[in-house]
2 protein chains.
Amino acid sequence: MSFPAAPALVDASVPCASCGARLDARCGAMADPHLDHLAALALRQTVAAGAEFMAEGEPAEHVFGLTCGTARLFKLLPDGRRQVLGFARAGQFLGLASCRTYTVSAEAVEPVHLHRLPRSRLRGLLDQYPMLERWLLETAAYELSIAQEQMMLLGRKTARERVASFLVGWAAGGRPCVPPLSHLHLPMPRGDIADYLGLTIETVSRTLTRLRIEGLLAIPSPSEIEVLRPVALAAIAGCNSSPTDMMRCDEERRQLHPGLGLGAGA
Amino acid sequence: MSFPAAPALVDASVPCASCGARLDARCGAMADPHLDHLAALALRQTVAAGAEFMAEGEPAEHVFGLTCGTARLFKLLPDGRRQVLGFARAGQFLGLASCRTYTVSAEAVEPVHLHRLPRSRLRGLLDQYPMLERWLLETAAYELSIAQEQMMLLGRKTARERVASFLVGWAAGGRPCVPPLSHLHLPMPRGDIADYLGLTIETVSRTLTRLRIEGLLAIPSPSEIEVLRPVALAAIAGCNSSPTDMMRCDEERRQLHPGLGLGAGA
DNA sequence: CGACTGATTGATTTCATTCAAATATAGTGG
DNA sequence: CCACTATATTTGAATGAAATCAATCAGTCG
């Protein structure tokens, strides 16, 4: 709806906008040897900004591993209302559905590099590398806890709290490692943020403006946000999903699987 | 908050309100041989209505398998606002957290029978039975898709659509098998439903009344609801999460793991 | 039978949405 | 390089759906 008709998948010669890498380069994620093997079996692909590469209801024939860029995961209601379920970044897996068809759609927010692995091959890999299955299980459990935190946000938080939570989460997000960034780059438009937070574009904009006026943020451009008072922002976001909690949680994950930082996918 | 202080865990001599079974009986779920083995290693326990048996933030020392009754899973904000994440019924697993502490709390809505398995033993079982891990992974992926559907509901549906979705989901829920029941028993109070749908008690009540006046429902008592026009109700609920979709999805799961019908847990 | 809890109904308020307009930003072709 | 167009964002005013505040009603239990 909010986005132009997908111009289909695109070739690889253009360097990735956010990391400069090309198709054959890996952007630093997926350092685990099992995942190297997995990557070797996968097709590499570049997806143009705005293009859909996974569609709710379509046969779930592949799993995807993002190596570069940002994607939005979403569902639509018949009348066009959209819920953005999360933003996937380098290192994340998509398409681990439990049934024959995808349950969510995914589009590139900015040009995305990904590995496309046929589901049939994944089955074989799982048999070959039991640790991979354990890792996927932990990842799925982690995704679930993220989704539950978002349910808390959508069901019970105010607009102000939602926007603050989003910024705090995005700051900690891609690199879950300490410390949360104070300068945020938001590659997605306001409409994506609104649909992620269960708000409208106008409310997101107004709320950001208010946080700016109150001196918590600076907003040099719509896609660049400077967090001036991170502690105050985290306080508004609510004690749950605080950087501290999430970091501790992520820390444990990293000890199990060094070199990886995963987030919300499906 | 909304519930009395948990009167701690209770002994086993009282028969389960909803199934009549006692501690040593299994209520028909967990027919899979691996799960039989799992059950043999677990402590059996009865939890009184209103009692909390899993607490967000506490060390995640056990996983739980419900054999009888209904539990609510929830998270709290510091100021007491509550989000109910789901209702667990017989056959569901709880406590498959990705980090050292539980990320959600669980309370019995009505008296609950459960198996309490030390996490350390689960680790061993996973090594012993690779299929169990695969099954858990599929379950987690399924839970995730349920959570995403709920995010759609919380972020983008109206009160009317939320209540309709809840009723449709509950009708299909416990027994995902066809056909959805027309007579629903709701063991949880209105406050639980409100906190599950991101609404207030009053709005839930008003909405149910309106659906009753419009001839879609009959409400002989607060906990008993008769669905008079299931198709119309499903239409209000929205095409997504329609009985048809969910049933197809569940059907696939059942082919993989006969004798089990799992739902939303964490 | 009162006292208590949970559910329903009513009156009013409020926060976010909707409708509408202005402003900023990015992209394109002359 | 700049005017011009299209798109995204911000801001403003009015509306509305659900929340809040406040009784009333209906079961339960000692």
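Naming: A, B, ... by sequence-line order, numbering from 1 per chain.
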Report summary line: Letter by letter from the 5' end, nucleotides 14-24 of chain C scores (B base, S sugar-phosphate only, - none; protein heavy atoms under 4.0 Å) --SBBB-----
Query raised in the report: Rounded to whole angstrom units, what separation is found between the CG atom of A:Leu186 and the P atom of C:dT25?
Result: 15 Å
Query raised in the report: Can you check whether A:Ser205 has a side-chain N or O nearer than 4.0 Å to OP1 or OP2 of D:dT11?
Result: no
Query raised in the report: What is the distance from CD1 of A:Ile201 to C1' of D:dT11, rounded to the nearest Å?
Result: 14 Å
With a cut-off of 3.5 Å and sequence neighbours excluded, list every side-chain donor-acceptor pair involving residues 179-188 of chain B.
unit_1: B:His183; atom_1: NE2; unit_2: B:Glu224; atom_2: OE1; d: 3.1
unit_1: B:His185; atom_1: ND1; unit_2: B:Glu224; atom_2: OE2; d: 2.5

Requested in this report: Take atom CG of B:Leu208 and atom P of C:dA7, then tell me their distance rounded to the nearest Å.
Outcome: 11 Å
Requested in this report: Could you tell me the separation between the CD1 atom of B:Ile219 and the C1' atom of C:dA7, rounded to a whole number of Å?
Outcome: 11 Å
Query raised in the report: OP1 or OP2 of D:dT7 less than 4.0 angstrom from a side-chain nitrogen or oxygen of A:Arg190, does that happen here?
Result: no
Report summary line: Sorted by chain and residue number, the side-chain hydrogen bond (donor to acceptor under 3.5 Å, both in side chains) partners of B:Glu214 (sequence neighbours excluded) come out as B:Arg160, B:Arg210
Query raised in the report: Between atom CG in B:Leu197 and atom C1' in D:dA19, what is the gap in whole Å?
Result: 15 Å
Query raised in the report: Using the C1' atoms of five pairs at each end, what's the angle between the two axes of the helix from C:dC1-D:dG30 to C:dG30-D:dC1, to 10 degrees?
Result: 40°
Report summary line: Those residues at least two apart in sequence (or on a different chain) that pass side-chain contact (heavy atoms from CB on, under 4.5 Å) with B:Leu208 are B:Val163, B:Leu167, B:Arg190, B:Val204, B:Leu217, B:Ile219, B:Ile225
Query raised in the report: Counting any heavy atom closer than 4.0 Å, what does A:Arg210 reach on the DNA or RNA strands: base, sugar-phosphate only, or nothing?
Result: nothing
Query raised in the report: Mind checking what makes side-chain hydrogen bond (donor to acceptor under 3.5 Å, both in side chains) contact with A:Thr207, not counting sequence neighbours?
Result: none
Query raised in the report: Among all residues two or more places apart in sequence or in another chain, which pass the side-chain contact (heavy atoms from CB on, under 4.5 Å) test with A:Ala106?
Result: A:Phe53, A:Met54, A:Leu73, A:Leu94
Query raised in the report: Tell me: CG of B:Asp195 to C1' of D:dA19, nearest whole Å?
Result: 13 Å
Report summary line: The complete set of ring pair (Phe, Tyr, Trp, His ring centres under 6.0 Å) pairs with one or both residues in residues 190-218 of chain B, sequence neighbours excluded, reads B:Phe87-B:Tyr196, B:Phe166-B:Tyr196
Could you go over nucleotides 25-30 of chain D and give all protein N or O partners under 3.5 Å, atom names and distances?
none

Requested in this report: Over all heavy atoms of both residues, which pair between A:Ala71 and A:Val112 is shortest? Give the atoms and the distance, please.
Outcome: N-CG2, 4.3 Å
Query raised in the report: What pairs with A:Arg212 under side-chain hydrogen bond (donor to acceptor under 3.5 Å, both in side chains), at least two apart in sequence or on another chain?
Result: none
Query raised in the report: Would you say the side-chain atoms of A:Arg72 pair up with the backbone N or O of A:Glu107, donor to acceptor, closer than 3.5 Å?
Result: no
Query - Set of side-chain hydrogen bond (donor to acceptor under 3.5 Å, both in side chains) partners for A:Arg229, sequence neighbours left out - result: none
Report summary line: With sequence neighbours left out, the residues meeting salt bridge (charged side-chain N to carboxylate O under 4.0 Å, His left out) with A:Arg156 are B:Asp195
